[in-house]
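The model shown is predicted, which means the values in this text are computed figures rather than measured ones.
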Amino acid sequence: MPELPEVEVVRRGLERWVCGRTVEHVQVVHLRAVRRHQGGPVDFASRLAGRTLGAAQRRGKYLWLALDPGDGDEALVGHLGMSWQLLVQPEQAPDETHLRVRLTFTDGGRELRFVDQRTFGGLAVEPLAASGVPAALEHIARDPLDPLFDDVVFGQALRRRRTGLKRALLDQSLISGVGNIYADEALWRARLHYARATETMTRPATARLLADVRAVMAEALAQGGTSFDSLYVNVNGESGYFDRSLDAYGQAGQPCARCGTPIRRDPFMNRSSFSCPRCQPRPRAGHW
């Protein structure tokens, strides 16, 4: 699943190419793509036609664009699955194989296309809460790149969580936007093992971890995100190249860039964790 940097790359593209434009027509090609919209595909299309897309916003891995005008505060929300793409394409461009929803605009410019190979994601028109966040997303925590993210509050919540460190990083109600890739990369940089108990995280260790989470995400953003295949692209269909800079994730058997020890792969929550056995030794009870 795409993580914060990949979603932020798309958000910036939407900000540039579609914000401020008025929707003329909506074509729902695949009903599953709007299954989260309670009124169904006809209502989804009618609720968007004639409305102007506002600023592109993000909470963790989720995107939304406020809609204007309307009877109430609403937004077009992207519930993003594992294989979604939001592409800005010329009208004459051939339809993508897995095109699910098409939006055309009154200015006659490029279309916005929602493409999703596995149909795990979807679009919906949803109400905004008083906070300005879609009501369905209010339970999601702020992400570490958000200026209002509170490091002290996060550290306190982390120590109360009493779980493994990587499990906590993947908990979107605690800290959003961090997935398997960037958790492994940040933990490698911070020299912390993924199974370390969260209640043992000191303030300096937590500060170091957050600094490394932010650093790796900033670097990934600068390189357009991580693209292991053709699925994760920006709105113009271009792949990021941060996968060339990964030090831990997916590097099983490769020498650690710090000490030369082969990177280890461990099963983790039906996925994998990658770490350096020497730089990130597995914790022992009472030894940190």
For the residue pair [Y] / [X], report whether a side-chain donor-acceptor contact shorter than 3.5 Å exists.
X: E96; Y: Q85; value: no
X: Y194; Y: R282; value: yes
X: R32; Y: T119; value: yes

Is there a side-chain contact between [X] and [Y] in this structure, where contact means two heavy atoms from C-beta onward sitting under 4.5 Å apart?
X: D266; Y: F268; value: no
X: L187; Y: L169; value: yes
X: L128; Y: W64; value: yes
X: T104; Y: E24; value: yes
X: R159; Y: R203; value: yes
X: S173; Y: R161; value: yes
X: D247; Y: E185; value: yes
X: R59; Y: D143; value: no

Looking at [X], I want to see if its [atom1] is surrounded by more than 12 non-hydrogen atoms of other residues, nucleotides or ligands under 6.0 Å.
X: R264; atom1: CZ; result: no
X: E138; atom1: CD; result: yes
X: Q38; atom1: CD; result: no

Indicate yes or no for a side-chain donor-acceptor contact from R21 to the backbone of R110 under 3.5 Å, with no hydrogens or angles considered. yes
Please check this pair: side chain of T163 against backbone of A168, looking for a donor-acceptor N/O pair closer than 3.5 Å. no
Between K166 and N180, does a side chain to side chain contact (heavy atoms under 4.5 Å, CB included) hold up when you go through it step by step? CA-CA 8 Å; K166 184 174 176 180; N180 212 33; 2.5 Å; yes
Is the NZ or CZ atom of R258 both under 6.0 Å from the centre of the six-membered ring of W188 and within 45° of that ring's axis? yes
F44 ring centre to R36 NZ or CZ under 6.0 Å, with the angle to the axis within 45°? no
Between V18 and the options L53, L103, L76, the side-chain contact (heavy atoms from CB on, under 4.5 Å) test singles out L53
Hey, are R271 and D184 close enough for a salt bridge, meaning a charged N less than 4.0 Å from a carboxylate O? no
How far does NE2 of H193 sit from CD of Q280, to the nearest 0.5 angstrom? 7.0 Å
Using 30° and 60° as the class boundaries, would you call the ring planes of F149 and F154 parallel, tilted or perpendicular? tilted
Before you tell me yes or no, could you show the steps for L165 and L158 under side chain to side chain contact (heavy atoms under 4.5 Å, CB included), namely the whole-Å CA-CA distance, both residues' side-chain angles and the distance that decides it to 0.1 Å? CA-CA 8 Å; L165 187 53; L158 180 69; 4.2 Å; yes
